[in-house]
Amino acid sequence: MLALRKTAPSPGLWLGEISEPVADPGEVLIEVAAAGICGTDLHIADWSGGYEAMAAAMPVTLGHEFVGRVLHRGEGAGGIAVGTRVVVRPSVVCGRCERCRSGRAEDCITRTGIGIARNGGFATLAAVPAENCIALPDELDDAVAALAEPMTVSTESVDTGGVKPGDTVLVIGPGTIGQGAALAAEAAGAGRVVVAGRNDSVRLGTVEALGFPDTVDTAGTTLREALTRAGLPVAYDVIVEAAGAPAVVPEAIDLLALRGVLVICGIHSRPAPIDLTAVVRRHQQIRGSYRSPLATWPRVIAFMAAQQGRIRRMISEEVPLAAGLDAFARASNRTASKIVLRP
Ligand SMILES: [Zn+2]
Ligand SMILES: [Zn+2]
């Protein structure tokens with residue numbers, strides 16, 4: 001079968017034929033229908049740092065945002081019937097550690113990621129633990145459903161920020177996580193949602209197509225200046241940083257309202273310089289946000305089914321897996337927003 005893999009701890013990806021997987025005990029075999037390329041995959045492809053631990057798993061098939069149909073059940077893989085359409089949660093947890101036993105499985109100490117530390121969905125077939133599969137409602141399309149994992153990350157950022165009805169919210173970073181954060185903030189009742197990017201016209205166009213006209217591109221200027229010029233607010237109750245750009249963090253703090261909350265969900269390659277005394281005097285909070293709890297998934301899937309027409313606009317291209325290497329190149333240079341591979 002065809003698979004897109006990371007084969008060595010250096011820049012680059014490999015696309016080619018490998019043998020088909022089998023479902024081990026407790027696993028199911030999935031015929032993959034749609035798998036999204038995400039920023040994590042781009043970091044791994046470029047080998048730009050932060051994923052060194054993956055080397056032990058190589059060669060490994062990438063793809064952690066995917067949907068498919070259950071083809072076969074391994075021994076003892078109960079619960080989900082053959083033929084069911086499912087989305088795969090990428091976190092494989094032990095179920096035994098103190099965190100798993102106290103209902104915080106998303107923080108499991110031995111957590112491994114499907115598509116990172118074990119084979120994922122950029123392939124015709126994938127063998128995954130049955131308990132990682134969540135059945136999809138019939139009305140939710142495969143390609144749209146492949147956005148469920150990033151949508152849970154976006155939703156977690158808005159939940160972490162505690163967005164309340166009427167809040168003024170700024171999202172920095174117009175990629176898929178930022179787009180999802182704008183949708184989740186609106187769903188939480190935000191009174192105004194502004195989205196900022198830098199040299200990012202294609203993805204800001206996607207944000208506008210999602211129904212958020214208040215966007216700014218900070219190319220050649222500061223965030224405050226760009227907002228002022230556009231006649232947009234310069235004080236926000238909640239700011240979600242989904243750009244992974246350290247320089248933007250002090251700019252975000254400067255735009256935070258008294259007692260405001262800055263949520264960081266970007267992955268930063270360097271420390272950010274911040275004026276903590278200003279944060280203290282203005283009684284502000286900085287919170288990190290990463291994986292969502294399991295309980296968020298059904299809520300996000302129901303939201304996606306209800307908002308399918310809008311969420312579909314987040315997908316800029318659907319391409320065959322065989323054209324996956326070119327698709328990675330377009331995703332890297334931001335000429336595409338979300339690309340979904342169709343094995
Ligand atoms: Zn992802
Ligand atoms: Zn555990």
Side-chain angles (χ1 to χ4, degrees), residues 4 6 13 26 32 34-46 48 50-51 53-54 60-68 87-123 126 128-129 131-132 134 143-157 173-181 183-184 203 240 242-244 264-268 289-297 300-301 304 311 314-317 324 327-328 331-332 334 336-341:
L4 184 61
K6 189 76 184 172
L13 294 175
V32 182
I37 297 177
C38 111
T40 296
D41 299 314
L42 301 178
H43 284 300
I44 293 168
D46 295 345
S48 50
Y51 295 91
M54 278 183 75
V60 64
T61 303
L62 300 185
H64 58 270
E65 304 176 356
F66 64 101
V67 164
V87 61
V88 177
R89 268 191 313 111
S91 281
V92 178
V93 301
C94 75
R96 293 183 301 274
C97 72
E98 188 273 332
R99 293 175 189 173
C100 280
R101 282 187 285 114
S102 62
R104 295 182 295 130
E106 67 276 12
D107 298 328
C108 172
I109 53 171
T110 63
R111 194 197 83 87
T112 53
I114 295 171
I116 293 175
R118 52 177 284 164
N119 290 331
F122 291 159
V128 301
E131 65 176 24
N132 282 63
I134 301 175
V144 177
L147 273 74
E149 192 271 345
M151 285 296 296
T152 64
V153 173
S154 300
T155 300
E156 177 68 5
S157 74
T176 300
I177 301 301
Q179 293 165 20
L183 287 164
R203 299 193 301 177
V240 175
I264 305 287
C265 61
I267 300 295
H268 293 247
S289 177
Y290 197 33
R291 273 185 296 281
S292 77
L294 178 52
T296 303
W297 282 74
V300 164
I301 289 168
M304 293 177 76
I311 292 172
M314 293 167 70
I315 301 171
S316 51
E317 294 178 55
F328 260 78
S332 289
R334 296 180 183 170
S337 187
K338 175 60 86 181
I339 300 180
V340 174
L341 299 179

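Positions are given from 1, in the same order as the sequence printed here. Counting convention: from 1, in listed order, for ligands and their atoms alike. Hydrogens, waters and symmetry mates play no part in the numbers below; they use all other heavy atoms, side chains included.
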- Within a distance under 2.8 Å of the Zn ion (ligand 1), the protein atoms of type N, O or S are C38 SG, H64 NE2, E65 OE2
- Distance-only, no hydrogens or angles: does the N132 side chain make a donor-acceptor pair with backbone N or O of S91 under 3.5 Å? yes
- Query: Can you name the nearest heavy-atom pair linking V300 to A148, along with the distance?
  - Reply: CG1-O, 4.0 Å
- Here the vertex angle at the Zn ion (ligand 2) for SG of C100 and SG of C97, given to 10°, is 110°
- Item | E98 with R104: basic N within carboxylate O range, under 4.0 Å | yes
With a cut-off of 3.5 Å and sequence neighbours excluded, list every side-chain donor-acceptor pair involving residues 35-42.
from : atom 1 : to  : atom 2 : distance (Å)
D41  : OD2    : C38 : N      : 2.9

- Message: Is any side-chain heavy atom of T152 closer than 4.5 Å to one of R89?
- Response: no
- Query: Under a 4.5 Å cut-off applied to non-hydrogen side-chain atoms, are R99 and R111 in contact?
  - Reply: no
